[in-house]
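What follows is a set of notes on a single structure, which appears directly below.
These figures come from a predicted structure and were not determined experimentally.
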Amino acid sequence: MDNEIIINKVKAILDKLDYNMPDEDANYSVSFDTNEILRDGIIKDVYTVSFWDSPKQLMERSLNFALINPDTMEVIYIVTPHGYIEADGTFNDPNEW
């Protein structure tokens, strides 16, 4: 699968949250990772998109990771320093579980 298509799937979710991430600053990188342990404990092969964010509400940048199901090419979830962004664009704070 073309890396640009994978990155665009991640961008579409981030757009729902009004993230301010100019493409030239995000430094998107795609890799294929085998035997990744997901947050529910399932071990799965995934595409991982790593990128730097700069949301409008934050002054500091942080590294984030989006996990993509290679079978369906859908975003599983995005890992941020502050919680998880679900595929539907909602945010889950693990401190509230």
All side-chain contact (heavy atoms from CB on, under 4.5 Å) counterparts of Ser31, not counting sequence neighbours:
Asp33, Thr48
Can you name the residues that form a side chain to side chain donor-acceptor pair (under 3.5 Å) with Ser29, not counting sequence neighbours?
none
Taking all heavy atoms of Pro70 and all of Phe32, pick out the closest pair and write down the distance.
CB-CE1, 3.9 Å
Who are the side-chain contact (heavy atoms from CB on, under 4.5 Å) partners of Asn69, not counting sequence neighbours?
Lys44, Asp71, Thr72, Ile76
Are any of the side-chain heavy atoms of Tyr84 and Ile78 separated by less than 4.5 Å?
no
Hey, which of Val46, Val30, Val75 is the one that makes side chain to side chain contact (heavy atoms under 4.5 Å, CB included) with Ile68?
Val75
In Å, rounded to the nearest 0.5 Å, how long is the span from CG of Leu63 to CG of Asn27?
10.0 Å
How far does CE of Met73 sit from CD1 of Ile6, to the nearest 0.5 angstrom?
3.5 Å
Closest approach of Arg39 to Tyr77 (non-hydrogen atoms, all atoms of both residues):
N-OH, 2.9 Å
Pairs where residues 72-84 contributes a residue and the test salt bridge (charged side-chain N to carboxylate O under 4.0 Å, His left out) is met, not counting sequence neighbours
Lys9-Glu74
Nearest heavy atoms of Phe91 and His82, plus distance in Å
CZ-O, 3.0 Å
In Å and rounded to the nearest 0.5 Å, what is the CZ to OG1 distance from Phe51 to Thr80?
8.5 Å
Judged by atom type as modelled, is there a donor-acceptor pair below 3.5 Å linking the side chain of Asn64 to the main-chain atoms of Ser62?
yes
In terms of heavy-atom contacts, Glu86 and Ile13 come closest through O-CG2, 3.7 Å
Among all residues two or more places apart in sequence or in another chain, which pass the side-chain contact (heavy atoms from CB on, under 4.5 Å) test with Ile43?
Asn35, Ile37
Those residues that, when tested against Asp40, pass side chain to side chain donor-acceptor pair (under 3.5 Å) (two or more places apart):
none
In terms of heavy-atom contacts, Asp45 and Thr34 come closest through OD1-CA, 3.1 Å
With Phe65 via ring pair (Phe, Tyr, Trp, His ring centres under 6.0 Å) - residues at least two apart
none
